[in-house]
**Student:** 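Sharing a structure below in structure tokens format, with a few things to ask.
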Amino acid sequence: IEIRTFSHTDVEELARHADIPVINGLTDLLHPCQIMSDMQTIAEHKGKIDKMKIAYLGDGNNMANSWLKAATRLPLDLRIGTSKATPPDSQILAEAEKAGKSKILVTDNPIEAVTGADVVYTDVWASINMNIFCIFLWIDKHTIIYIEAIRHYNIWIFYANFFKITWISDFSIDHRSSGCFWADEIN
């Protein structure tokens, strides 16, 4: 059974009662299938995934948490650039650090996160755990605070001013600002 839901506890509850394997397709805590497919894409384009310098910019959301989970099993140089107001899950971060398999940096300095990166990765700004119908149609106080917290982690700043990069994504840029940037040259 594959389940895509908001609450991670829903996946755990289903797994406790299921007689067959349960696959987490997406929750507010983790998005493991997306990370596995993105790691495959990186390996196809870069020739490997082990020891790659992966920079993630954005909210410390289910994608950041899933990169940390991957870092418990694969040797990565993982840099997460996020606001102090939007950190990744502290237990998942501690688990990744304890595993000792990867070099992990969580910083609120986006330049520090991306410098020397082989891959610059981002996700949508409106995370699954946010009650946003459309940022342009409905903005509440929480959304304004959130946007202010992560606005410096907008990958377009780096796209325009910091790298010569190639855009590779499963989605069109207009549809979703998620995907991988290959850092071909850092100025």
**Student:** How long is the gap from CD1 on Ile92 to CG on Asn65, to the nearest 0.5 Å?
**Tutor:**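 It is 4.0 Å, given to the nearest 0.5 Å.
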**Student:** To the closest 0.5 Å, what do you measure between CD1 (Ile42) and CD1 (Ile49)?
**Tutor:**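 That separation rounds to 4.0 Å.
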**Student:** Any chance you could measure Ile3, atom CD1, to His8, atom NE2, to the nearest 0.5 Å?
**Tutor:**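 Atom-to-atom, Ile3:CD1 and His8:NE2 are 10.5 Å apart.
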**Student:** Out of curiosity, Gln34 CD to Met39 CE, how far, rounded to the nearest 0.5 Å?
**Tutor:**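 Interatomic distance, Gln34 CD to Met39 CE, rounded to 0.5 Å: 11.0 Å.
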**Student:** Only one of Leu30, Asn61, Thr27, Leu26 clears side-chain contact (heavy atoms from CB on, under 4.5 Å) with Ser66; which?
**Tutor:**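 Filter result, single survivor: Leu30.
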**Student:** Looking at residues at least two apart in the chain, or sitting in another chain, which of them share a side-chain hydrogen bond (donor to acceptor under 3.5 Å, both in side chains) with Thr82?
**Tutor:**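 Thr86.
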**Student:** Below 4.5 Å, heavy atoms only, C-beta onward: do Arg16 and Glu12 meet side chain to side chain?
**Tutor:**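 Yes, their side chains come closer than 4.5 Å.
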**Student:** Between Tyr121 and Trp67, what is the ring plane arrangement, given parallel below 30°, perpendicular above 60°, and tilted in between?
**Tutor:**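 If you compare the ring of Tyr121 with that of Trp67, the planes turn out perpendicular.
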**Student:** Run through the side-chain heavy atoms of Ile, Leu, Val, Met, Phe, Trp and Tyr, join any pair under 4.5 Å, and report what else lands in Ile23's cluster.
**Tutor:**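 None; Ile23 is a cluster of one.
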**Student:** Sequence neighbours left out, what passes side-chain hydrogen bond (donor to acceptor under 3.5 Å, both in side chains) with Glu2? Give chain and number order.
**Tutor:**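 Expected list: none.
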**Student:** Could you list all the side-chain hydrogen bond (donor to acceptor under 3.5 Å, both in side chains) pairs where at least one residue sits in residues 91-102, not counting sequence neighbours?
**Tutor:**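 Only Lys69-Glu95 qualify under side-chain hydrogen bond (donor to acceptor under 3.5 Å, both in side chains).
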**Student:** Find out whether Asp123 and Asp59 are in side-chain contact, i.e. whether some heavy atom of one side chain is under 4.5 Å from a heavy atom of the other.
**Tutor:**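 With C-beta onward as the side chain, the pair stays apart.
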**Student:** Got a sec, which residues hit side-chain contact (heavy atoms from CB on, under 4.5 Å) with Asp77, two or more places apart in sequence or on another chain?
**Tutor:**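 For Asp77 the side-chain contact (heavy atoms from CB on, under 4.5 Å) partners, ignoring immediate neighbours, are Lys53, Arg79, Lys103.
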**Student:** Looking only at non-hydrogen atoms, find the nearest pair between Asn24 and Cys33 and report the distance.
**Tutor:**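 Taking every non-hydrogen atom into account, O-SG, 3.6 Å.
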**Student:** Roughly how far, to the nearest 0.5 Å, is the CE atom of Met52 from the CG atom of Leu78?
**Tutor:**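 So the CG of Leu78 and the CE of Met52 are separated by 12.5 Å.
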**Student:** Locate the shortest heavy-atom distance separating Ala113 from Leu57; write the atom from each residue and the value.
**Tutor:**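 Scanning both residues completely, I find the closest heavy atoms to be CB-CD2, 4.0 Å.
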**Student:** Do you know which two heavy atoms are closest between Val11 and Thr5, and how far apart they sit?
**Tutor:**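 In terms of heavy atoms, the two residues are closest at CG2-CG2, 3.9 Å.
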**Student:** Dump the intermediate steps for side chain to side chain contact (heavy atoms under 4.5 Å, CB included) on Met63 and Asp38, then the final yes or no.
**Tutor:** CA-CA 11 Å; Met63 296 304 291; Asp38 291 342; 4.1 Å; yes
**Student:** Hey, could you give me the CG/NZ distance between Leu74 and Lys48, rounded to the nearest 0.5 Å?
**Tutor:**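 Rounded to the nearest 0.5 Å, the CG-NZ separation comes to 12.5 Å.
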**Student:** Which residues pass the salt bridge (charged side-chain N to carboxylate O under 4.0 Å, His left out) test with Asp89, not counting sequence neighbours?
**Tutor:**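 Counting only residues at least two positions away or on another chain, Asp89 forms no salt bridge (charged side-chain N to carboxylate O under 4.0 Å, His left out).
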**Student:** Looking only at non-hydrogen atoms, find the nearest pair between Pro88 and Leu68 and report the distance.
**Tutor:**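 Closest heavy-atom pair between Pro88 and Leu68: CB-CD1, 3.7 Å.
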